[in-house]
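Step one of this worksheet: look at the structure below.
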There are 2 protein chains.
Amino acid sequence: MLFLTQEARDRLLLEDEVAPMPRAQVTRILKEAGLRPTRQRIALGCLIFGDGHRHLTAEHLHLEALEAGISLSLATVYNTLFQFDEAGLIRRVSVNSGKAYYDTDPGDHHHFYIEDEDRIIDIAPDRISVDGLPEPPPGYAISKVDVVIRLKRIEGVG
Amino acid sequence: MLFLTQEARDRLLLEDEVAPMPRAQVTRILKEAGLRPTRQRIALGCLIFGDGHRHLTAEHLHLEALEAGISLSLATVYNTLFQFDEAGLIRRVSVNSGKAYYDTDPGDHHHFYIEDEDRIIDIAPDRISVDGLPEPPPGYAISKVDVVIRLKRIEGVG
DNA sequence: CTCAATGCAAAGTATTTGCAACCGA
DNA sequence: TCGGTTGCAAATACTTTGCATTGAG
């Protein structure tokens with residue numbers, strides 16, 4: 001599927017330094033994921049996969065698309081994000097804010113969440129480990145482990 | 001107001017046998033938490049603190065209140081849950097479902113979440129530990145660590 | 001050309017806000 | 001009494017659905 005080595009990722013980032021990922025490449029990714037490469041998906045894919053790793057809300061991505069001259073509805077952005085998540089291309093992140101965030105890095109890692117600023121920061125995958133994972137109840141299996149470390153600004157600094 | 005004879009009080013307690021924490025106790029809890037003990041808060045407090053540890057949505061609690069003959073609006077339930085969470089009396093739990101869950105056990109523990117059934121299960125606090133907590137960025141301190149273990153039903157069983 | 005798949009308007013659900021009413025001191 | 005607090009109607013924010021249209025094969 002689509003798990004890149006760090007090296008491969010770095011190479012990608014260099015190639016696409018500022019710009020979005022080329023359409024041809026996005027098309028390939030979509031096909032491999034079993035998603036029909038439609039105009040809208042390709043456009044969103046270019047934005048999502050091209051510009052480094054980020055944490056996007058549907059609304060933010062919609063704005064970016066409009067700014068880039070791509071005209072589509074917010075609902076389509078929601079649906080597309082949902083499908084990309086299902087396909088493992090991106091990862092929905094759950095924080096307590098009402099909004100849903102999507103991490104453009106689908107790799108296995110966890111997150112800081114700064115409530116006051118409604119901002120998410122990646123935690124490097126090797127910096128944290130969960131021990132003593134409990135047995136799931138009979139009939140169930142673990143599908144994913146989400147760790148969110150909630151941060152608050154230290155008062156009286158500066 | 002609400003001055004009952006001893007007899008009336010006894011009757012009430014009998015009537016509510018299965019149910020909730022006594023109003024006096026809830027009133028004390030609220031005062032200690034710095035929350036004014038209003039009619040609505042006391043009523044919700046009785047439901048929340050009385051009946052063992054549970055995972056409630058605002059809507060569910062609202063229904064319970066109505067069934068118990070307490071008339072209040074859903075908005076008040078939301079506000080009350082928010083305030084109880086702020087005060088540390090209960091704990092908001094973040095899962096990917098759109099809804100917010102409130103755990104009536106504010107103690108330090110984590111959760112299983114069964115997506116398909118939209119259900120939350122407590123993990124005993126000693127059954128899990130997170131190692132190698134990373135340094136927060138400068139200027140920030142860790143306020144809470146949330147671990148959610150997502151479960152899926154094992155297929156082909158039975 | 002064909003029809004499963006898509007994109008979006010409209011609908012639905014979850015939550016917050018602003019302010020009249022209230023009540024604890 | 002009376003002013004900070006509260007509770008709720010109304011508004012907002014977020015997300016999903018149903019179906020006419022489309023465009024990939």
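Side-chain atoms are counted along with the backbone in the values below, which use heavy atoms only and exclude waters and symmetry mates. Below, chains carry the letters A, B, ... as their sequence lines are ordered, and counting in each starts from 1.
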Contact class for B:Thr38 (heavy atom, under 4.0 Å): base, sugar-phosphate, or nothing? sugar-phosphate
Looking only at side chains, do A:Tyr140 and B:Asp116 share a donor and an acceptor under 3.5 Å apart? no
Taking the nucleotide of DNA chain C with the closest heavy atom to each, which residue, B:Pro37 or B:Arg92, is nearer the 5' end? B:Arg92
Member of A:Asp105, A:Asp146, A:Asp85, A:Asp103 meeting the side-chain hydrogen bond (donor to acceptor under 3.5 Å, both in side chains) criterion with A:Arg91: A:Asp146
Is the phosphate of D:dG7, meaning OP1 or OP2, less than 4.0 Å from a side-chain N or O of B:Thr76? no
What is the distance from CG of A:Leu74 to P of D:dT15, rounded to the nearest Å? 9 Å
What is the distance, rounded to the nearest whole Å, between atom CG of B:Asp85 and atom P of C:dT15? 13 Å
Give me the one residue out of A:Arg54, A:His53, A:His109 that meets side-chain hydrogen bond (donor to acceptor under 3.5 Å, both in side chains) with A:Asp122. A:His109
So, is A:Arg39 close to the D:dG23 phosphate, meaning a side-chain N or O under 4.0 Å from OP1 or OP2? yes
Taking only side-chain N and O atoms of A:Tyr78, does any of them lie within less than 4.0 angstrom of OP1 or OP2 on D:dT16? no
Whole Å only: how far is the CG atom of A:Leu56 from the P atom of D:dT15? 13 Å
Can you label the angle between the A:His111 ring and the A:His55 ring as parallel, tilted or perpendicular, going by 30° and 60°? perpendicular
Take the protein atom CG of B:Asn79 and the nucleotide atom P of D:dA10, then report the distance between them rounded to whole Å. 16 Å
Does D:dC8 have its OP1 or OP2 closer than 4.0 Å to a side-chain nitrogen or oxygen of B:Gln40? yes
DNA chain D: B:Arg36 or A:Ala100, which has the more 5' nearest nucleotide? B:Arg36
Looking at every strand, decide which applies to A:Ala58 at a 4.0 Å heavy-atom threshold: base, sugar-phosphate, or nothing. nothing
5'-most contact on DNA chain C: B:Tyr101 or B:Lys31, nearest heavy atom basis? B:Tyr101
To the nearest angstrom, how far is A:Leu30 atom CG from D:dG25 atom P? 11 Å
A:Leu81 CG to C:dT6 C1', straight-line distance once rounded to whole Å: 16 Å
Rounding to a whole Å, what distance do you find between A:Leu35:CG and C:dG7:C1'? 14 Å
Does A:Leu35 reach the side chain of A:Thr80, with side-chain heavy atoms less than 4.5 Å apart? no
Could you check how far CZ of A:Phe82 sits from P of C:dC8, rounded to whole Å? 18 Å
May I ask you to verify if any side-chain N or O of B:Thr57 is less than 4.0 angstrom from the OP1 or OP2 atom of C:dA14? no
Is the phosphate of C:dT6, meaning OP1 or OP2, less than 4.0 Å from a side-chain N or O of A:Arg41? yes
